[in-house]
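One structure is given here, and the rest of the page talks about it.
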Amino acid sequence: MAAGSDKCTDPTAEVLADAAAAFGLLASPARLHIVWALAQSESDVSGLAQRVGGALPATSQHLAKLKLAGLVGSRREGRRQIYYVDDQDIVAVVHLMMRQLRQAVDQSPERLLRSVGA
């Protein structure tokens with residue numbers, strides 16, 4: 001395929017705003033860890049808090065934000081609320097990002113530290 005033959009139109013302002021909001025939610029290490037964990041398996045809030053090392057109320061608040069954004073969903077099983085990733089495309093983006101960062105660290109840990117200002 002020749003360069004420039006696959007023209008893409010710019011995203012609309014609404015799409016850009018939605019993408020920025022989703023990336024903003026994932027900018028939190030705790031929420032990113034929650035999405036990562038839920039991509040591996042469904043969980044209730046207590047199991048998730050234990051896995052990600054967060055307090056139960058904080059994990060619950062993170063889940064509420066992710067759910068409002070449509071990144072995770074939930075269903076009731078008896079008295080428990082079970083959470084799961086509701087957007088497999090987000091999982092793909094998170095996995096790609098993690099893979100790229102792991103490769104960057106493996107190749108040059110100092111470069112990654114410089115890029116984040118450490």
### Task
Show your working on side-chain contact (heavy atoms from CB on, under 4.5 Å) between Arg75 and Glu77 and close with a plain yes or no.
CA-CA 7 Å; Arg75 70 174 184 284; Glu77 281 188 6; 2.9 Å; yes
### Query
Taking Leu71 as the fixed residue, which of Leu66, Asp89, Leu38 is the one that meets the side-chain contact (heavy atoms from CB on, under 4.5 Å) rule?
Leu66
### Query
Given Val35, which of Val94, Leu25, Asp87 fulfils the side-chain contact (heavy atoms from CB on, under 4.5 Å) condition?
Val94
Hey, what do you get for [atom1] ([X]) to [atom2] ([Y]), rounding to the nearest 0.5 Å?
X: Trp36; Y: Met97; atom1: CH2; atom2: CE; value: 9.0 Å
X: Lys65; Y: Ser28; atom1: NZ; atom2: OG; value: 8.0 Å
X: Arg31; Y: His62; atom1: CZ; atom2: NE2; value: 5.5 Å
X: Leu63; Y: Asp44; atom1: CG; atom2: CG; value: 10.0 Å

### Task
Check the surroundings of atom OH in Tyr84: do more than 12 heavy atoms from other residues, nucleotides or ligands lie under 6.0 Å from it?
yes
### Query
Among the clusters formed by ILVMFWY side chains lying less than 4.5 Å apart, do Tyr83 and Val91 turn up in the same one?
yes
### Query
Heavy atoms, side chains only, cut-off 4.5 Å: are Met98 and Leu32 in contact?
yes
#### Entry: Derivation and outcome, side-chain contact (heavy atoms from CB on, under 4.5 Å), residues Arg51 and Ile34
CA-CA 9 Å; Arg51 178 167 178 186; Ile34 288 168; over 6 Å; no
#### Entry: Candidate pair Val85 and Ile90, rule side-chain contact (heavy atoms from CB on, under 4.5 Å), full reasoning
CA-CA 9 Å; Val85 173; Ile90 291 297; 5.5 Å; no
#### Entry: Donor-acceptor contact present, side-chain Ser43 to main-chain Leu48, <3.5 Å
yes
### Task
Examine distances only and state if a side-chain atom of Ser60 and a backbone atom of Leu56 form a donor-acceptor pair shorter than 3.5 Å.
no
### Query
Which is it for Gln100 and His95 under the side-chain contact (heavy atoms from CB on, under 4.5 Å) test, yes or no, and what are the steps along the way?
CA-CA 9 Å; Gln100 291 295 105; His95 282 167; over 6 Å; no
